[in-house]
There are 2 protein chains.
Amino acid sequence: MTVTSVHDPSHREALWELEDAFERGDLISVFGRCTVAYEGRAASDLGAGDRLLVLKPDGAALVHTDEGRQPVNWQPPGSEHRAAVRGRQLRVRSTRTNPDETLTVRFSDVHQLSAMAVTGGRDLTLHGSEEDLRTRILERPELVEPGFEPRETERPSSAGPMDVFGVDAAGNPVVVELKRRRVGPDAVGQLARYVRALGEELGAAEADPDGTGGDGDDDAPFVRGVLVAPSVTDRAAERLADRGFDHVALEPTPEE
Amino acid sequence: MTVTSVHDPSHREALWELEDAFERGDLISVFGRCTVAYEGRAASDLGAGDRLLVLKPDGAALVHTDEGRQPVNWQPPGSEHRAAVRGRQLRVRSTRTNPDETLTVRFSDVHQLSAMAVTGGRDLTLHGSEEDLRTRILERPELVEPGFEPRETERPSSAGPMDVFGVDAAGNPVVVELKRRRVGPDAVGQLARYVRALGEELGAAEADPDGTGGDGDDDAPFVRGVLVAPSVTDRAAERLADRGFDHVALEPTPEE
DNA sequence: CCATCTATGTCGAGC
DNA sequence: GCTCGACGTAGATGG
C-alpha cells in the first residue's frame with residue numbers, strides 16, 4: 001500500500017513513522033495538539049491548539065487551522081525537516097538558510113499521522129490567462145478597434161517589453177497593455193511608461209492634450225495607449241482620461 | 001476521541017465520513033488518487049495523480065501535491081463543500097458565488113481520510129512587522145536622524161495616509177515611509193506621492209535640485225522624504241537620489 | 001459591496 | 001545570486 005497511517009500513536013511511534021516517511025519522500029499529514037514557533041524574516045508564537053501539519057518531501061511545511069486559505073505558519077520549499085522526542089513533546093522542526101528561518105511545531109498529542117508516496121500528475125493546464133488574451137487579440141485584432149493591426153508582441157523598449165505593439169487605422173503607433181482582470185491605477189502607470197518610452201524613441205509627441213490628433217500637419221507620429229482589460233477601477237479610469245489613453249473592455253476568454 | 005479516520009474506505013464509506021465531518025464542522029484531510037477541475041475567475045484541469053485534499057469548516061478547500069507551498073488548486077473560505085458518489089468516483093465539489101467558482105475533485109481511489117474537531121488556539125502573535133518599526137521610531141526618533149521630531153502617524157493626505165509625519169532639526173516638514181524589509185522602486189514612488197501631496201498642501205517646493213536647502217530665504221518650507229528600510233535595491237537608490245530623498249537603514253527589531 | 005495596501009506573501013523569469 | 005513583476009494572489013481595513 002502506498003499509504004501508512006497511525007491513529008493516536010505514542011510520540012516514539014510517531015517519530016519512527018515520520019523518519020521513515022522522510023526517508024521515503026512521502027507527503028505527510030499530522031493532526032494533533034501543538035504549539036508553533038517561527039523565527040526568521042519575522043517571528044511569531046502560537047499557543048496550544050488542534051492543527052494540521054503538512055510536510056512535503058520538497059521541504060515545504062504548512063500548519064493549518066480550521067480557518068483560512070493561508071497556513072497560519074509555514075516554511076517554504078527547500079527547507080529541511082527533522083523530528084525528535086523532547087520530554088513529553090514530539091518536536092518537528094523545519095529549517096532553511098538564506099534567509100535563516102526556523103519553524104518549530106511541538107506536539108503534546110498526536111491524534112493521527114498519515115504518509116503517502118506521491119506519483120505523477122503535475123500537468124496543470126490553466127486557461128483564461130494573459131496569454132489567452134494576447135492570443136485572442138492577435139487572432140481578432142478588431143476586438144481592440146476596427147482597423148487595428150498588431151505588429152509585434154513583447155516589443156522591447158527602454159521601459160521594458162510592451163505586450164502588443166501595432167498601428168491603428170490612421171497609421172498611428174499604438175501600445176497595447178493587456179490585463180486579464182479588473183485593473184487599478186498601477187496598470188495605467190505601466191502603460192504610460194511604455195508610451196513615453198516609445199514616444200521618445202520615435203521622437204514623437206507623447207500626448208495630445210488639445211485633442212487635435214496626431215495625424216495632422218506634423219510628421220512626428222502620435223503614440224496612442226490602449227489598455228485592454230475586463231474593467232478598470234474608478235481611479236484608473238481617471239488616470240486613463242488624464243493621459244488620453246483608451247480602455248477596451250475585453251475578457252481573456254469569450255463569454256460562455 | 002476527537003479524530004475519526006478510515007484507511008482505504010469504499011467510496012460509500014468515505015462519503016458517510018465526509019458528510020458526518022461536514023456536519024460536525026471538522027477539519028478534514030483526504031489522501032487519494034484524483035483529478036481536479038477548476039472553473040471560475042480562470043479555469044484549469046489537472047490529470048490523475050496522488051494528492052492531499054484539505055477541507056475546512058469555513059469553506060476553504062486546498063489541493064496539495066508533493067511540491068510547493070501553494071496548493072495546486074483551491075477554493076477560498078466561504079465556499080460550500082458537497083460530496084457524492086458518481087459511478088466509480090467519489091466527487092467532492094466546493095462552490096462559491098461572487099465570483100462564481102467551482103472546484104471539483106474526483107477520486108478514483110481514497111487511500112486515507114481523517115477528520116478532526118478543532119478547538120481554540122488562534123492567538124498568533126507576530127513580531128518584527130511594520131508596526132514594530134513604527135513603534136521603534138516613535139520611541140527613538142534619533143534613529144531617523146538627530147533632531148527629528150515625529151508629529152503624527154497615519155497623517156492623511158490627498159495621496160493617502162503617510163506612515164510618519166514630523167519635522168527635522170531645521171524645522172522642515174519630513175515625510176517618513178516605513179518598510180520592514182528591503183524595498184524596490186515602488187516604495188520610492190509611494191513616498192514621492194506623499195511628499196508631493198504634502199508639498200501642494202503646504203504650498204511648498206516639492207524638491208530642491210540645487211541642494212541649497214529649504215531653510216534659507218524663502219518662507220515656503222521644503223518637504224523632505226525619508227525612506228526607512230533595512231536596505232534598498234540599486235534602482236530604488238537611483239530613484240531616491242533623483243528625488244532628493246534620504247534612506248535610513250533600520251531593521252524593524254534591534255539586532256540580536 | 002468596492003477600493004487600497006500589506007505580506008514571513010509565493011512564484012517564475014531575466015540578468 | 002538578486003531583482004522585478006504577476007498572481008484564480010489572500011487578508012485586513014476603511015469608505
In a table with atom names and distances, give each donor-acceptor pair under 3.5 Å that connects a side chain of residues 225-241 of chain B to protein atoms at least two apart or in another chain.
| residue | atom | partner | partner atom | Å |
| --- | --- | --- | --- | --- |
| Ser231(B) | OG | Arg182(B) | NH1 | 3.0 |
| Thr233(B) | OG1 | Ala236(B) | N | 3.2 |

Calculate the interatomic distance between [X] atom [atom1] and [N] atom [atom2]; express it in whole Å.
{"X": "Leu62(A)", "N": "dT8(C)", "atom1": "CG", "atom2": "C1'", "answer": "13 Å"}
{"X": "Leu133(B)", "N": "dA7(C)", "atom1": "CG", "atom2": "C1'", "answer": "15 Å"}
{"X": "Asp186(B)", "N": "dT6(C)", "atom1": "CG", "atom2": "C1'", "answer": "12 Å"}
{"X": "Arg235(B)", "N": "dG14(C)", "atom1": "CZ", "atom2": "P", "answer": "16 Å"}

Practice problem: For Arg180(B) and Arg41(A), indicate whether the former's side chain and the latter's backbone hold a donor-acceptor pair under 3.5 Å. | Solution: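 Confirmed, Arg180(B) side chain pairs with Arg41(A) backbone.
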
Self-check item: Main-chain N/O of Ala60(A) paired to Asp58(A) side chain as donor or acceptor, under 3.5 Å
Solution: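 A pair under 3.5 Å: yes.
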
Self-check item: Step-by-step side-chain contact (heavy atoms from CB on, under 4.5 Å) determination, Trp74(A) to Leu103(A)
Solution: CA-CA 7 Å; Trp74(A) 70 91; Leu103(A) 179 72; 5.5 Å; no

Side-chain donor-acceptor pairs under 3.5 Å in residues 61-73 of chain A, sequence neighbours left out?
| residue | atom | partner | partner atom | Å |
| --- | --- | --- | --- | --- |
| His64(A) | ND1 | Lys56(B) | NZ | 2.8 |
| Thr65(A) | OG1 | Glu67(A) | N | 3.3 |
| Thr65(A) | OG1 | Glu67(A) | O | 3.4 |
| Asp66(A) | OD1 | Arg122(B) | NE | 3.3 |
| Asp66(A) | OD1 | Arg122(B) | NH2 | 3.2 |
| Asp66(A) | OD2 | Arg122(B) | NH2 | 2.9 |
| Asn73(A) | ND2 | Ser44(A) | OG | 3.1 |

Quiz item: Using a cut-off of 4.0 Å between protein heavy atoms and nucleotide atoms, how would you tag nucleotides 5-15 of chain D 5' to 3' with B, S and -?
Solution: -SSBBSS----

Self-check item: Between dT4(C) and dT8(C) - P atom distance, rounded Å
Solution: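 My reading of the P atoms in dT8(C) and dT4(C) gives 23 Å.
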
Self-check item: Gap in Å between the two P atoms, one belonging to dG8(D) and one to dC4(D), rounded
Solution: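 Going atom to atom, P in each nucleotide, I get 22 Å.
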
Practice problem: Please assess Thr104(B) against Arg93(B) for the test side-chain hydrogen bond (donor to acceptor under 3.5 Å, both in side chains), listing each intermediate value before the final yes or no. | Solution: CA-CA 4 Å; Thr104(B) 308; Arg93(B) 183 170 276 175; 3.2 Å; yes

Quiz item: If you find the nucleotide of DNA chain D closest to Asn98(A) and the one closest to Ala236(B), which residue's nucleotide is nearer the 5' end?
Solution: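 Per heavy-atom nearest nucleotide, the more 5' residue is Asn98(A).
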
